[in-house]
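Just so you know, these numbers use all the heavy atoms, side chains as well, and skip hydrogens, waters and symmetry mates. Every value quoted in this text rests on a predicted model; they were computed, and no experiment measured them.
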Amino acid sequence: MSSLSPERTTWSVDEHLKDILGAVRPLDPIELQLPDAQGCVLVEDVTVPVALPPFDNSSMDGYAVRVADVAGVSEEFPAVLTVIGDVAAGTEGLPTVGPGEAARIMTGAPLPPGAEAVVPVEWTDGGDGAGAATGMRAASAAPEGASGEVRVHRPVEARAHVRARGSDVAAGDLALAAGTVLGPPQLGLLAAIGRGTVRVRPRPRVVVLSTGSELVQPGAELGPGQIYDSNSFALAAAARDAGAIAYRVGAVTDDADTLRATIEDQLVRADLLVTTGGVSVGAYDVVKEALSAASDADEPGSGVEFRKLAMQPGKPQGFGSIGPDHTPLLALPGNPVSSYVSFEVFVRPAIRTLMGLKDVHRPRARAVLAAAEPLSSPAGKRQFLRGTYDAEAGTVTPVGGAGSHLIAALAHADALLVVPEDTTRVEPGSELEVVLIG
């Protein structure tokens, strides 16, 4: 955390985010098997050890031929070639194609010696066998290993329907650069060039924990004064969407000792802890109580600081580290919209920083406000409103009101409208910045 004056009562969004990203460091690289590396960030350049494909092969099911043997052929005057054998993918001991000969070949099979091109099976009679047409030689007349004859009625040029060795990537080429996020295509390429393991920064393990004695798990029956815990589900999903491995902990009651014990239990599987609720100034804001006590008992240099930000929603925030390994912890407010907006603004960039990504922020755009009425915003606060963004029209339409409990509107939004601190009114047709979250 930066050394800011203890007399300060309010911090800006940018100051708080800068402190978080200044304290969070990318995770140390590890070597992982390919299936375990999905979603991770590569930390080394990967070069191609062998050409891909490693040999000339057919891109079609058909017949491997010499070009001269099918030159000038037509439906009326087809070439009649002796089929000397079959070539399938993985075939060893390839037959040599000589004058007047062809080899039946399957997609992906190596081009046999002597062959210069592949005739698709659709350009032939399908190779019905010796004697299938007038003038064909009898099977007994075919060379040893032959499997009949084929009539070819369309010519081909040299290398037609042949995938050349190294046409995808050549030996020594850069396959993937450091910093690449490994998705299915990238993992497929690594496997294709023979890499079984890869050195990456692992996906961060994020533990999400809700607090509040009023919280009940979905599926249970609500009692008086109770509500369902939605924050832990939304934020765990958001953490996974950001690239993390998320662990959701059931809601913890408003008891500081219980909360402190729960947090300590979770440290073993956490690269980042996220709590929601209990960060304001009420009598039951146990996150402050629990983390303050835990900070006193922690290793030197750890601790959690609670702040009021010039932000709506999401005014109360906490950030610091906890435990012997100084595990980063972000304490978010408990209202559903406040917690989600806070996650997008602060937690997602922290997760992406742990992953070692260069660009840790959501994409942003400038959009024209499409609304019937002006938007109002409190002076001195950066407001985040929910909206739907139309990229083609370049407009954004507000969804729902400004209330931090309006989770239904959030479910229909794909953007956050950002109203700057020095703006108290945004007229329809005005341009503003939007954060794209959909």
Review point. Quick one: does Asp390's side chain have a donor or acceptor within less than 3.5 Å of a partner on Glu392's backbone?
Key: yes
Exercise for review: Quick one: pull up CG in Leu309 and CH2 in Trp11 and give me the separation to the nearest 0.5 Å.
Suggested key: 8.5 Å
Check your understanding: Counting only N and O atoms by type, is there a donor-acceptor contact under 3.5 Å from the side chain of Asp325 to the main-chain atoms of Thr327?
Key -> no
Practice item. Verify side chain to side chain contact (heavy atoms under 4.5 Å, CB included) between Val208 and Phe233, making sure each step is shown before the conclusion. Key: CA-CA 9 Å; Val208 177; Phe233 287 90; over 6 Å; no
Review point. Side chains of Leu273 and Ile322: does their closest heavy-atom pair fall under 4.5 Å?
Key: yes
Review point. Can you check side chain to side chain contact (heavy atoms under 4.5 Å, CB included) on Trp123 and Arg151, steps first, answer last?
Key: CA-CA 9 Å; Trp123 297 3; Arg151 304 181 103 192; over 6 Å; no
Review point. Less than 4.5 Å apart, any side-chain heavy atom of Leu222 and any of Tyr228?
Key: yes
Study note, to complete from the structure: Interatomic distance, OG1@Thr96 vs CD1@Ile84, rounded to 0.5 Å, equals 7.0 Å
Check your understanding: Would you say Leu267 and Val207 make side-chain contact, with heavy atoms under 4.5 Å?
Key -> no
Revision key, fill the gap. Heavy-atom closest pair (Val287 atom, Gly277 atom, distance to 0.1 Å) is CG2-O, 2.9 Å
Point to revise | Arg165/Asp56 under salt bridge (Lys or Arg N to Asp or Glu O under 4.0 Å): CA gap, chis, key distance, verdict | key: CA-CA 5 Å; Arg165 178 181 183 274; Asp56 291 354; over 6 Å; no
Check your understanding: Salt-bridged, Glu305 to Arg307, with N to O below 4.0 Å?
Key -> yes
Which atom pairs, one a donor and one an acceptor, fall under 3.5 Å between side chains of residues 427-438 and the rest of the protein, sequence neighbours left out?
unit_1	atom_1	unit_2	atom_2	d
Glu427	OE2	Arg425	NE	2.4
Glu427	OE2	Arg425	NH2	3.4
Ser430	OG	Glu427	O	2.8
Glu431	OE1	Arg366	NE	3.4
Glu433	OE1	Arg364	NH1	2.8

**Study point:** Non-hydrogen side-chain atoms of Pro313 and Val337 separated by less than 4.5 Å
**Key:** yes
Point to revise | Side-chain donor-acceptor contact under 3.5 Å, Thr82 with Glu149 | key: no
Exercise for review: Please indicate whether Glu31 has more than 12 foreign heavy atoms, meaning atoms of other residues, nucleotides or ligands, lying under 6.0 Å from its CD.
Suggested key: yes
Exercise for review: Could you walk me through whether Thr107 and Asp61 pass side chain to side chain donor-acceptor pair (under 3.5 Å), step by step?
Suggested key: CA-CA 5 Å; Thr107 302; Asp61 288 345; 3.0 Å; yes
**Study point:** Shortest non-hydrogen contact from Ser167 toward Pro53
**Key:** OG-CD, 3.6 Å
Revision key, fill the gap. Rounded to the nearest 0.5 Å, the OG1 atom of Thr276 sits from the CG atom of Asn231 at a distance of 4.0 Å
Review point. Within 45 degrees of the axis of the six-membered ring of Phe343 and under 6.0 Å from its centre: does Arg348 put its NZ or CZ there?
Key: no
Check your understanding: Does Ser377 use its side chain to pair, donor to acceptor, with the backbone of Pro420 at less than 3.5 Å?
Key -> no
Point to revise | Sole candidate of Arg195, Arg201, Arg199 that passes salt bridge (charged side-chain N to carboxylate O under 4.0 Å, His left out) when paired with Glu44 | key: Arg195
Exercise for review: Supply the atom-to-atom distance Leu291 CG to Phe306 CZ, rounded to the nearest 0.5 angstrom.
Suggested key: 4.5 Å
Exercise for review: Give a yes or no answer on whether the side chain of Glu15 reaches the backbone of Ser12 with a donor-acceptor pair at less than 3.5 Å.
Suggested key: yes
Point to revise | Any donor-acceptor pair under 3.5 Å from Ser59 side chain to His161 backbone | key: yes
Practice item. Decide, yes or no, whether a salt bridge links Glu344 with Arg362 under the criterion of side-chain N to carboxylate O below 4.0 Å. Key: yes
**Study point:** Validation row: Val83, Tyr63 side chains within 4.5 angstrom (heavy atoms)
**Key:** yes
Revision key, fill the gap. So OG of Ser338 and CD of Gln317: to nearest 0.5 Å the spacing works out to 8.5 Å
Check your understanding: So Val119 and Thr124, side chain to side chain contact (heavy atoms under 4.5 Å, CB included) or not? Walk me through it.
Key -> CA-CA 8 Å; Val119 176; Thr124 75; 3.8 Å; yes
Check your understanding: Does the Asp69 side chain pair with the main chain of Gly100, one donor and one acceptor, at a distance under 3.5 Å?
Key -> yes
Check your understanding: Taking the side chain from Arg352 and the backbone from Ala242, do they hold a donor-acceptor pair closer than 3.5 Å?
Key -> yes
**Study point:** Asn57 side chain to Val162 backbone, donor-acceptor under 3.5 Å
**Key:** no
Check your understanding: Any sub-3.5 Å donor-acceptor pair from Glu264's side-chain atoms to Ala261's backbone N or O?
Key -> no
Point to revise | Residue pair Gln38 / Arg203: nearest heavy atoms and the distance that separates them | key: O-CD, 3.3 Å
Check your understanding: Is it true that Asp14 and Arg382 make a salt bridge, defined as a side-chain N closer than 4.0 Å to a carboxylate O?
Key -> yes
Check your understanding: Can you list the steps and then say if Asp229 with Ser232 is a side chain to side chain donor-acceptor pair (under 3.5 Å)?
Key -> CA-CA 7 Å; Asp229 171 22; Ser232 65; 2.6 Å; yes
List, one per line, each side-chain donor-acceptor pair under 3.5 Å for residues 169-193, sequence neighbours excluded.
unit_1	atom_1	unit_2	atom_2	d
Asp173	OD2	Ala170	N	2.8
Thr180	OG1	Ala177	O	2.7
Gln186	OE1	Gly183	N	2.8

Practice item. Please round to the nearest 0.5 Å and tell me the distance separating atom CG of Asp86 and atom OG1 of Thr91. Key: 8.5 Å
Practice item. Determine, step by step, whether Gln266 and Val249 satisfy the side chain to side chain contact (heavy atoms under 4.5 Å, CB included) criterion, reporting the C-alpha distance in whole Å, the side-chain angles of both residues, the deciding distance to 0.1 Å, and the verdict. Key: CA-CA 9 Å; Gln266 294 299 320; Val249 180; 3.6 Å; yes
